[in-house]
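Here's the structure, in structure tokens; my notes come after.
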Amino acid sequence: MDLLEYQGKQLFARHGIPVPSGKPARTVEDAVAAAEEIGYPCVVKAQVQIGGRGKAGGIKVANDRAQVEQHAGAILGMDIRGLTVGEVWIESASEIVSEYYASIVFDRSAKAPLIMLSTKGGMDIEAVADEDPDAIARLHVDPLLGFQDFHGRRLAFEAKVDEDVVRPVGAMLSKLYDAFIAEEATLVEVNPMIVTPERGVKALDAKVTLDDNALYRHPENADLRDPSAEDTQEQMAHERGLIYVKLDGDIGILGNGAGLVMSTLDVVALAGGKPANFLDAGGGSKAEAITSAVEVILSNPKVKAVLFNIFGGITRCDEVAMGLIEAFKQINPTVPFVVRLDGTNDKEGRQLLAEANLPNVHIKSTMDGAAKKVVELAAAS
Amino acid sequence: MDLLEYQGKQLFARHGIPVPSGKPARTVEDAVAAAEEIGYPCVVKAQVQIGGRGKAGGIKVANDRAQVEQHAGAILGMDIRGLTVGEVWIESASEIVSEYYASIVFDRSAKAPLIMLSTKGGMDIEAVADEDPDAIARLHVDPLLGFQDFHGRRLAFEAKVDEDVVRPVGAMLSKLYDAFIAEEATLVEVNPMIVTPERGVKALDAKVTLDDNALYRHPENADLRDPSAEDTQEQMAHERGLIYVKLDGDIGILGNGAGLVMSTLDVVALAGGKPANFLDAGGGSKAEAITSAVEVILSNPKVKAVLFNIFGGITRCDEVAMGLIEAFKQINPTVPFVVRLDGTNDKEGRQLLAEANLPNVHIKSTMDGAAKKVVELAAAS
Amino acid sequence: MSILVDRSTKLVVSGITGREGTFHSLRNRDYGTQVVAGVTPGKGGQDVEGIPVFNTFHDAVQNTGANTAMIFVPPRFAADSILEAEDAGVGLIIAITEGIPAHDELRVFNTIKKNGRSRLVGPNCPGILSPGKATVGIIPASFFKEGNVGVVSRSGTLTYQIGNELARSGFGNSTIVGIGGDPVPGTDFVDVIGLFEADSETDLIVMCGEIGGDAEERAAEFIAASVSKPVLAYIAGFTAPPGKTMGHAGAIVSGSKGTAAAKAEALEAKGVRVGRTPTEVAEVAISLLGAAA
Amino acid sequence: MSILVDRSTKLVVSGITGREGTFHSLRNRDYGTQVVAGVTPGKGGQDVEGIPVFNTFHDAVQNTGANTAMIFVPPRFAADSILEAEDAGVGLIIAITEGIPAHDELRVFNTIKKNGRSRLVGPNCPGILSPGKATVGIIPASFFKEGNVGVVSRSGTLTYQIGNELARSGFGNSTIVGIGGDPVPGTDFVDVIGLFEADSETDLIVMCGEIGGDAEERAAEFIAASVSKPVLAYIAGFTAPPGKTMGHAGAIVSGSKGTAAAKAEALEAKGVRVGRTPTEVAEVAISLLGAAA
């Protein structure tokens, strides 16, 4: 789960990481009230989970009430790269001496947290990594030992931060590590981490990704999920406990098992089609899950044809067939379906479908054949 | 540093370990006020760092105000095995279904925390260990991994606690471990840990030893040290930064380095003498430290003779001699001194002493010789 | 031969008394696996169709000599159960559980690695099947038969798909190892490919990768350096968009890293054949091994 | 030969710019030890009488090839400094610092042990001296000369006392190792005695123990099982009362355990001679080795 900037900053503050004071606001009135409390100059920042807010005009400095009103009015409702701004964060403006970059990522390859620090902050770090990789100091932390002061010193000296901020930079990295571990994050990023005129450091931005699987241990974080920010289909799938990713195309896809679904997307693409979604009904999918899945897929108006690709292991193909039959009863779909059932109880499943004689449902026995058929049907409709 | 029972319980409470509610009191009036607040029946418990309080009459149940008054009056000022009771702890009486034992010790041999659990609580655990060692379940915890739920289950099943309290016992062990680590304890002991009629568990006693070396990280614990409970000489030595242990005899001992001082005590005992103290002036002892040490030793009226046993490594013998000369100027001791100086600058040191011609100071060149001499002098005085 | 599980496997199942745990434990036993014990705290002394249940792994190991554990408990209890199995000296721990928090996996992985006593396979994996010998987990064993193709995969159903295509072409398997789709798998492609390389029964190694991480790239390096047997690969997720987790917690393209194209390229650069569809994998296998018996 | 430190020792000192750190680093160098670097964060680029100072151990090791570290920083920085040295790949770390919190020592010990890359000696130890070759720490080297007696001790000044008595009797030392008086020493009697057993220059091993813990008892077992050379022991603290910490954080008799009498008994039961006073130790040494050259 990705947090909004201000949610990340509030999480940082709980771990003693210095951040500018601020308040979120969903209306111009609230924004003005927040600014009056915080004082001027302050910054009005669009809260959307996407980069490039500044360039898009989503971050503005306000020196008085009128300017806050003006900027908040302009930013609330603004479209930034496809996302509508529903919330702004009003924070006191900070004096910036230098801009650094700091992050901790969950490094799957090394099986350890990876800390990165650079004095090239305030810009796209991937660009820095490409152009000047030596400008980023990197260090893995043994997760059983945890962050030690020497990690902070080593990173600070290697990144060549100003000598008089080696300690505060190390202290901030230590607290970021605490937050990373305590909140079970997979990413915490501060860009820029600024050096202030008082020669302290402060997190001027916050990017935090939390592990969804661990949210049950962090109810206060779980509450931060903003369903209104999710796409309609994604929200629907989430409520039904399905793993769903919306894509751009017009062929609805359902399979069981992440690898098989990904493979199905590839095979459909190879056949010239464009998948509309990734939907994993999961191992051991029961009839209800299948019915729910059909609902989710068909709620996307772009879908012109649907491919069911099931390889039954724990999942029983007869259960899948029953779910599909039930879904047809409830929804009465108007687009064609291609169904490929293989594996456990595949014969029984195919038999059930044959008996149900569902309108516009095509049974195929191979994955490749099914893909070709669904691409054909989508193109024809 | 050993905590009093109630200090331990307050520390436990900070870590979520269930303890009976209570209040400390230093006067009968405070005790009555505390009892009135807590309600009846309540228990009046002498707060001294020694076992066997119950047998000595230091723990009494009070059912009303009059009884609290009576018991608090009797216990405050009571002498329990040489310690005067200056404080009582008034706590609400607990209903006891079973008495268990739990502890975590810093196991130097295994270099890991050792957890012990037994259903034979409420009695002397060393006796249980001698008579029925299998009644105590023991488990080391990997300090880099920390306490896991399975540790708690394994201990609980092996100790054969009632099946319906396996979970609460495990939970309490987990919290005790948290406290052990977070407070940097070298011992936390709960005896008895009781099972309540509601089938929960509660710490009815608390024994906590904290690592003195770590107190700088725990200022709230450092404040718990009660100098008034310390012996006068120990307090004096502590203030002067000397390592001092009071013993029963009449020969004052000073040396540099813990091993050498212990060895000196042994050699004096072998020669038939009784050391009055252990005093390590430390490596690199400077003149001032020596002067302070003489002050501390002589403040014990039982001391009849003093042995200085110095092997100079970093410590320079001439510094020691100067300290001794200065001490004689300031204090003018009336008991004889035997001084053995060896090692770095020993000749210069002996020379200085010879020149100073201190009254009643005997110089010896070997440890054994010095020990014999001081025993002789103490016996003669 | 075969790898990891075989007739000497003595299995203890954590979570055996749960519905799914019971079902799959009995299926594993029906296949021929020696299922010697179960662990469920508080149910020690009971049995599941004759399989004795213990309160702790230590009791189970001490009483039955179990050498392999299957973890079938819900995610919030799984890390603890894996660590308990390791502490009890179980040499091979196969974690089926899906949805274990990533930081739990980190602690578990590093503890097991530093102690060096046990191998963890999974979590979030379908288990291990050595056809004709033993199966541990949820792989539908009836689709596979004994043979000389070793399969290692990050994905369950995709493995069945590919295994089934191979089976239809007449190939059997030495062992099928599901290493799981999680960010921190206990056992990686490199480990399993190394085992297959040393296994006399395995003539062809098939690896099924997917987007995310760099396990496939590391496998490519390892294959080039240390593997003499032919290796055939499949990678799922060529069309997966960056930044979206594709079902498996580990399946995500981050920035320019972890794409299927990059993985296929890395493998092909080291001489590993990469099939573009599961069907193509079976076809290449035939071409490499000749028509099956 | 000798053990642990010798002419190939290349020493880096953490805390070299402190008063004591400078003093002893230079003394070590004066004795002949190659002191190649110092570490003080923020003072990288400076030097201490020609010894270059670096900001981190990593820089120091990379630039000088240091293979041994001496830790001379105050207790609250010592654990971090030891761990940094270990992380930088220093093979032998000698921690002089006294007063390190016990839980810090626990973390440090277990991390170093699990990683298996470095040996820690100390903390709270006087260091290691191989007479005529090199010294690291604060042992007053002038009292000792080259010879065939290996000494290992939990206590500093007691070592000097015994070493000095041996020297007066004409004996020299292969190496003198102070393992320190703390609850969790990085290196124990067993480790050092094993090294002396394998050292061709050592003919007699003298161990100075004291009350507390069971290191002496474990040494007795080890000696009986694995040591062919004569071992002579001294234990301090026969008259120490139970429950009182005698200066060293590790020197405490708890309950019925850790008494000097029990230790002496354990050693004598395994055939180790135990001297009752430092003087007696020297006398027994003479009887074992014959009159010195």
Side-chain angles (χ1 to χ4, degrees), chain B residues 105-106 108-109 111-113 126 129-130 142-144 180-181 184-186 211-217 243-249 255-270 274-275 278-280 282-284 309-315 342-344 366-368 371, chain D residues 20 24 75-76 98-107 109-111 113-114 126 138-140 142-143 153-161 164 181 183-184 208 210-215 218 234-241 244-251 254-256 260 276-279:
Chain B
V105 303
F106 191 101
R108 292 156 179 207
S109 175
K111 275 99 171 175
E126 301 221 353
D130 283 346
D142 173 352
L144 297 181
F180 180 82
I181 297 296
E184 303 194 60
T186 53
D211 178 12
D212 287 346
N213 284 340
L215 285 179
Y216 73 89
R217 286 196 281 232
I243 293 157
Y244 177 91
V245 178
K246 194 176 182 179
L247 303 170
D248 281 341
N256 62 327
L260 185 62
V261 182
M262 268 190 279
S263 179
T264 308
L265 301 184
D266 291 351
V267 172
V268 166
L270 272 176
K274 289 202 164 186
F278 169 105
L279 200 160
D280 178 7
N309 185 19
I310 302 292
F311 192 95
I314 316 185
T315 306
D342 212 339
T344 310
T366 70
M367 189 163 157
D368 292 7
Chain D
E20 294 279 305
H24 290 287
R76 65 183 69 191
E98 182 178 350
I100 299 179
H103 283 261
D104 278 2
E105 293 186 10
L106 206 59
R107 267 186 324 123
F109 178 90
N110 283 283
T111 297
K113 184 180 140 204
K114 287 211 183 188
I138 61 174
I139 297 175
S142 61
F143 295 119
S153 175
R154 281 170 70 179
S155 158
T157 45
L158 185 56
T159 312
Y160 316 156
Q161 170 75 34
N164 200 233
V184 189
C208 297
E210 62 186 31
I211 55 164
D214 64 352
R218 281 183 288 122
Y234 175 74
I235 309 288
F238 277 86
T239 52
K244 298 273 191 182
T245 302
M246 302 302 271
H248 280 160
S254 331
S256 57
R276 294 290 142 169
T277 66
T279 314

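Keep in mind it's a predicted model, so treat the numbers as computed, not measured.
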Checklist entry - Can you check whether Ala102(D)'s main-chain N or O pairs, donor with acceptor, with Asn213(B)'s side chain at less than 3.5 Å? => result no
Heavy-atom cut-off 4.5 Å, strictly under: side chain, backbone, both or neither for [X] against chain D?
| X | answer |
| --- | --- |
| Glu184(B) | both |
| Phe311(B) | both |
| Leu265(B) | both |
| Leu260(B) | both |
| Ala185(B) | backbone |
| Leu270(B) | side chain |
| Leu247(B) | side chain |
| Asp142(B) | side chain |

Which atom of [X] lies closest to which atom of [Y], heavy atoms considered:
| X | Y | answer |
| --- | --- | --- |
| Leu144(B) | Arg107(D) | CD2-O, 4.0 Å |
| Val184(D) | Lys111(B) | CG1-CG, 3.3 Å |
| Met262(B) | Ile211(D) | SD-CG1, 3.6 Å |
| Gly312(B) | Phe143(D) | O-CE1, 3.5 Å |
| Gly259(B) | Ala236(D) | O-CB, 3.8 Å |

What part of [X] gets closer than 4.5 Å to chain B, counting heavy atoms only: side chain, backbone, both or neither?
| X | answer |
| --- | --- |
| Lys113(D) | neither |
| Asn110(D) | both |
| Arg76(D) | both |
| Tyr160(D) | both |
| Glu210(D) | side chain |
| Thr245(D) | backbone |

Taking the side chain as C-beta and beyond, is there a heavy-atom pair between [X] and [Y] under 4.5 Å?
| X | Y | value |
| --- | --- | --- |
| Pro101(D) | Arg217(B) | yes |
| Tyr234(D) | Ser263(B) | yes |
| Thr366(B) | Thr279(D) | no |
| Leu106(D) | Pro113(B) | yes |

Checklist entry - What orientation do Phe180(B) and His103(D) show, parallel under 30°, tilted 30 to 60°, or perpendicular over 60°? => result perpendicular
Among [options], who wins on heavy-atom pairs under 4.5 Å with chain B?
| options | result |
| --- | --- |
| Asn164(D), Ile139(D), Thr239(D) | Thr239(D) |
| Pro75(D), Pro183(D), Ser142(D), Gly181(D) | Pro183(D) |
| Ala215(D), Ser153(D), Ala240(D), Gly237(D) | Gly237(D) |

Checklist entry - Given Thr277(D) and Asp266(B), is the side chain to side chain contact (heavy atoms under 4.5 Å, CB included) satisfied, shown in steps? => result CA-CA 8 Å; Thr277(D) 66; Asp266(B) 291 351; over 6 Å; no
Next on the checklist: If you count every heavy atom of other residues, nucleotides or ligands that lies below 6.0 Å from Asp130(B) atom CG, does the total exceed 12?
Outcome noted: yes
Checklist outcome for this item: Highest number of heavy-atom pairs under 4.5 Å with chain D among Asp211(B), Val268(B), Ile243(B) belongs to Asp211(B)
Checklist entry - Going through the distances and angles, do Met246(D) and Val261(B) end up as a side chain to side chain contact (heavy atoms under 4.5 Å, CB included)? => result CA-CA 9 Å; Met246(D) 302 302 271; Val261(B) 182; over 6 Å; no
